[in-house]
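Reading through the structure tokens given below for one structure.
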Amino acid sequence: MRSQHAPARLAFCAFHQPTVERWASSIYRTLSSSATHSILSKLTNFEQQGVPSGSGTIAGSSSFDLGRMHRLLAALGNPHKQWPVVHVAGSKGKGSTATMISSILRSSGYSVGLYTSPHLLSITERINVQGSPISRLAFEALETEHAALIAKQLEAEGGRLSHFEALTALAFRHFADRKVDAAVVETGMGGTLDATNVFDESTLAVAVITPLGYEHVDALGGTIESIAAAKAGIMKAGRPVVVAQQGHGRATETLQHAAHGLGCRLINAQDQVQVSSMGYTLLDQPSSTLLRSNIMLHFVGSKGEGGQSDAPSQQRDHRAAAADSRASLTEGFGGASLGQANRLAAMRDASIHRGSDACSGADEGSSRANASMANEAGHTDSSSSSNNSSGAHQLGPMQVALVGQHQETNVATAVASCLQLRSQGWAAITDAAVQDGLEAARLPGRLQVLRLSPPVPMGDLAGSSPNNQQVPASAPASKGPLLVLDGAHTRESAASLVTSIRSAFPARTHPLVLVVAMAEDKDARQVLAELRRLQPKAVIFTTVPIAGSYHRSAAPGALAAQWQAAGMLSAGDPSSRLRGCRELIQASLGAAYAKAKNELAGHTYPSQQQQEAGQAHLDGVLVVTGSLHTVAATQGIEEVAMLLARAQHHEQ
């Protein structure tokens with residue numbers, strides 16, 4: 001069934017490049033295609049239906065059973081035992097952190113599988129090898145090949161096999177088929193009973209816990225301690241765990257207790273890596289996201305747990321280093337076919353015999369350095385890193401596309417995780433690879449910034465503002481407003497979004513209009529209380545399907561009521577006190593988007609009288625948020641789809 005928000009057609013205006021047309025057409029097909037009659041479509045989909053209360057805890061679960069996940073994987077040949085894994089859990093930032101780790105490993109020359117959820121436009125986005133999602137044809141072939149086996153397991157499990165369990169198993173099978181060197185796997189919900197939690201101490205290279213907060217509260221036990229305990233379920237006996245800086249002391253205590261009980265070395269990311277912000281850069285060229293964060297990394301006290309730092313000004317070859325590292329892991333062992341215990345043992349041997357210096361040599365198109373030879377000689381380049389007896393040094397400056405204050409925490413966590421891998425013998429993870437990987441990392445829907453087209457005058461008038469102002473056709477030429485897409489759906493993520501937006505786009509020069517659509521099982525009042533601090537000129541509430549269904553979609557009127565309640569409850573907070581903010585409801589996202597652009601035009605384009613008084617055009621900001629499903633639906637709007645198509649064509 002076609003989404004009511006999908007465009008009836010995609011016009012290509014002056015853009016007729018074949019690659020652009022194919023890309024835009026694929027968006028249309030993704031949003032408008034009917035539900036596939038596949039084996040996956042016959043399985044219980046908790047993303048559509050909602051997760052039962054207590055199902056993510058051992059005491060309260062009747063829906064999730066790791067036993068059936070292990071049985072399914074065994075039937076598929078235990079693909080998850082054929083590669084080392086970095087397992088990532090958390091309440092916020094886990095997708096960004098997993099993406100950055102994967103990007104750093106790819107920049108190091110490793111072949112990497114990445115499994116994340118949810119997706120934006122296509123389920124194929126969840127299964128990624130070497131930075132590219134599995135193709136639709138390959139995904140259908142993978143599903144078809146194993147459909148009979150999944151159907152047999154479904155019957156054996158009494159019909160209780162879930163959509164996420166089967167999809168996860170297929171992803172792991174695909175990674176094994178592609179013979180990846182490693183995989184980075186993001187949990188779906190929680191950790192202890194999550195379908196991804198099938199790795200043991202012989203396969204887990206490092207566990208990673210990102211910041212924890214009140215998400216999936218009912219499913220994970222109702223307290224921050226129970227949420228932390230569920231996330232800690234991905235820890236395995238004796239294996240290291242990297243923990244991001246936490247905002248809840250009780251969560252930190254719970255994680256520390258769990259790590260101690262399992263004999264895990266707990267590494268606080270902020271004790272290894274600190275990130276300093278140097279402001280933002282807004283690109284003036286087509287890009288899938290225009291905003292860049294300028295950062296510097298500070299390595300504190302140790303160069304990656306026994307690893308060698310490298311100065312980015314000298315030559316290096318990540319591919320050669322990775323090939324050398326892989327050879328040391330598999331030489332004489334028959335590679336992955338002998339099981340992960342042998343590969344990890346070989347990896348540790350490689351660390352003993354070779355340290356963590358990478359092979360030297362020039363990489364095509366690269367000017368940064370592998371400094372293993374320089375380190376052996378006791379020399380480094382002080383222009384980008386300063387080294388002392390304690391091993392402290394710095395890396396940068398660099399520009400990253402995953403922006404915002406919260407992403408600085410994610411950067412530190414991702415880098416600390418890679419330093420831990422380096423200490424285990426992943427020799428190709430040089431400082432230069434870290435920088436390359438961070439700069440290359442992309443994840444749509446996380447403070448993603450686009451530039452919309454300016455209004456086109458129609459006759460003498462282009463439209464009218466909420467104050468009955470008119471936008472003259474003679475108004476001076478200017479750029480269109482900025483569009484910010486972000487999937488914030490918790491109080492913490494909304495607070496980070498507000499801070500980041502107003503740091504990059506101050507209210508004085510950037511009037512803002514807000515569009516919000518959410519799932520009904522999120523704490524809308526807390527999220528909206530934070531979003532009020534954006535001081536919007538207007539806020540428009542609407543609805544979008546959640547995981548393809550309106551079953552979990554919050555009603556626009558309910559969101560409007562929560563917005564007003566949040567205002568009353570925070571009446572003493574000047575930052576949430578709004579003046580002249582219009583509160584509107586629209587039945588569809590397409591209507592809300594069009595209304596928001598019209599509202600914003602009235603605040604950014606001066607009238608003739610204001611022009612004569614010297615008032616300049618202001619750079620307006622249209623923010624669409626509340627859910628990644630909201631972001632996905634927005635990317636299907638014709639204008640946005642065309643902008644993304646243009647950006648992809650430009651970046652190729």
Side-chain angles (χ1 to χ4, degrees), residues 29-30 33-49 63-85 87 98 102 111-119 121-189 193-200 203 335-340 547-548:
R29 289 195 301 272
T30 299
S33 61
S34 23
T36 176
H37 297 290
S38 64
I39 184 64
L40 289 177
S41 66
K42 299 176 182 178
L43 306 179
T44 302
N45 190 332
F46 290 108
E47 292 178 52
Q48 290 182 345
Q49 300 178 11
S63 301
F64 302 146
D65 174 14
L66 282 180
R68 65 173 176 258
M69 188 66 191
H70 281 288
R71 291 187 289 273
L72 174 59
L73 286 168
L76 286 168
N78 286 319
H80 61 301
K81 295 183 178 182
Q82 298 181 28
W83 26 262
V85 66
H87 203 186
S102 172
S111 172
V112 185
L114 174 64
Y115 183 61
T116 58
S117 60
H119 61 271
L121 297 175
S122 171
I123 197 170
T124 60
E125 298 167 21
R126 302 187 184 204
I127 305 173
N128 187 299
V129 174
Q130 286 301 83
S132 298
I134 186 173
S135 69
R136 172 60 69 177
L137 288 177
F139 179 79
E140 291 174 353
L142 178 69
E143 185 180 12
T144 299
E145 179 183 357
H146 301 290
L149 184 150
I150 293 173
K152 182 179 179 180
Q153 289 299 120
L154 178 63
E155 182 178 5
E157 301 291 350
R160 296 182 65 83
L161 195 65
S162 76
H163 181 278
F164 187 73
E165 288 167 341
L167 181 63
T168 300
L170 288 175
F172 293 171
R173 182 66 262 168
H174 181 65
F175 294 161
D177 292 342
R178 292 290 301 272
K179 294 180 171 56
V180 299
D181 297 319
V184 182
V185 175
E186 176 193 358
T187 59
M189 183 199 71
L193 295 178
D194 188 74
T196 65
N197 194 25
V198 292
F199 310 105
D200 60 22
T203 57
S337 61
L338 290 182
Q340 191 53 34

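What's counted below: heavy atoms across the whole structure, side chains too, no hydrogens, waters or symmetry copies. Counting begins at 1 with the first residue of the sequence.
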(request) Check whether any side-chain heavy atom of Phe175 lies under 4.5 Å from a side-chain heavy atom of Pro79, and answer yes or no. (result) no

(request) Please report the closest heavy-atom contact between Ala166 and Leu40, naming both atoms and the distance. (result) CB-CD2, 3.7 Å

Going by atom type alone, with no hydrogens or angles, which donor-acceptor pairs under 3.5 Å involve a side-chain atom of residues 150-159 and a protein atom two or more places apart or on another chain?
{"unit_1": "Glu157", "atom_1": "OE1", "unit_2": "Arg71", "atom_2": "NH2", "d": "3.1"}
{"unit_1": "Glu157", "atom_1": "OE2", "unit_2": "Arg71", "atom_2": "NE", "d": "2.7"}
{"unit_1": "Glu157", "atom_1": "OE2", "unit_2": "Arg71", "atom_2": "NH2", "d": "3.4"}

(message) Set out, in order, the CA-CA distance, both residues' side-chain angles and the distance that settles side chain to side chain contact (heavy atoms under 4.5 Å, CB included) for His174 and Leu170, then state yes or no.
(response) CA-CA 6 Å; His174 181 65; Leu170 288 175; over 6 Å; no

(message) Taking the side chain as everything from C-beta on, heavy atoms only, tell me whether Val85 gets closer than 4.5 Å to His80.
(response) no

(request) With rounding to the nearest 0.5 Å, note down the distance linking CG in Asp65 to CD in Glu165. (result) 7.5 Å

(message) Measuring from atom CD1 of Ile127 to atom OG of Ser117, what distance do you get when rounded to the nearest 0.5 angstrom?
(response) 11.0 Å

(message) Could you work out, with side-chain hydrogen bond (donor to acceptor under 3.5 Å, both in side chains) as the rule, every residue matching Thr124, not counting sequence neighbours?
(response) Ser122

(request) Would you confirm whether Asn128, through its side chain, and Leu114, through its main-chain N or O, come within 3.5 Å as a donor-acceptor pair? (result) no

(request) Using the test side chain to side chain contact (heavy atoms under 4.5 Å, CB included), find all partners of Thr168 that sit at least two apart in sequence or belong to another chain. (result) Met69, Tyr115, Phe164, Phe172, Ala195, Thr196

(request) Output all residues satisfying side-chain hydrogen bond (donor to acceptor under 3.5 Å, both in side chains) with Asn78, sequence neighbours left out; order by chain, then residue number. (result) none

(request) Ignoring hydrogens and angles, tell me if any N or O in the side chain of Asn45 forms a donor-acceptor pair with the backbone of His163 under 3.5 Å. (result) no

(request) Please name all residues satisfying salt bridge (charged side-chain N to carboxylate O under 4.0 Å, His left out) with Asp177, sequence neighbours left out, ordered by chain then number. (result) Arg173

(request) List in chain and number order the residues that pass side chain to side chain contact (heavy atoms under 4.5 Å, CB included) with Gln130, two or more places apart in sequence or in another chain; answer none if no residue qualifies. (result) Arg106, Ser111, Val112

(request) Over all heavy atoms of both residues, which pair between Thr203 and Lys81 is shortest? Give the atoms and the distance, please. (result) CG2-CA, 4.0 Å

(request) Work out which heavy atom in Leu142 is nearest to a heavy atom in Ile134; give both atom names and the distance. (result) CD2-CD1, 4.3 Å

(message) The criterion is side chain to side chain contact (heavy atoms under 4.5 Å, CB included); which residues satisfy it with Thr144, sequence neighbours excluded?
(response) none

(request) Could you tell me which residues satisfy side-chain hydrogen bond (donor to acceptor under 3.5 Å, both in side chains) with Arg126, sequence neighbours excluded, listed by chain and number? (result) Glu47, His119

(message) I need the minimum non-hydrogen distance between Ala169 and Leu72, along with the two atoms involved.
(response) CB-CD2, 3.6 Å

(message) Can you tell me how far apart CG (Leu167) and CG (Leu43) are? Round to the nearest 0.5 Å.
(response) 10.0 Å

(request) With sequence neighbours excluded, tell me which residues meet side chain to side chain contact (heavy atoms under 4.5 Å, CB included) with Ser135. (result) Leu137, Ala138

(request) Evaluate side chain to side chain contact (heavy atoms under 4.5 Å, CB included) for Leu66 paired with Asn197, printing each intermediate quantity in order. (result) CA-CA 8 Å; Leu66 282 180; Asn197 194 25; 4.2 Å; yes

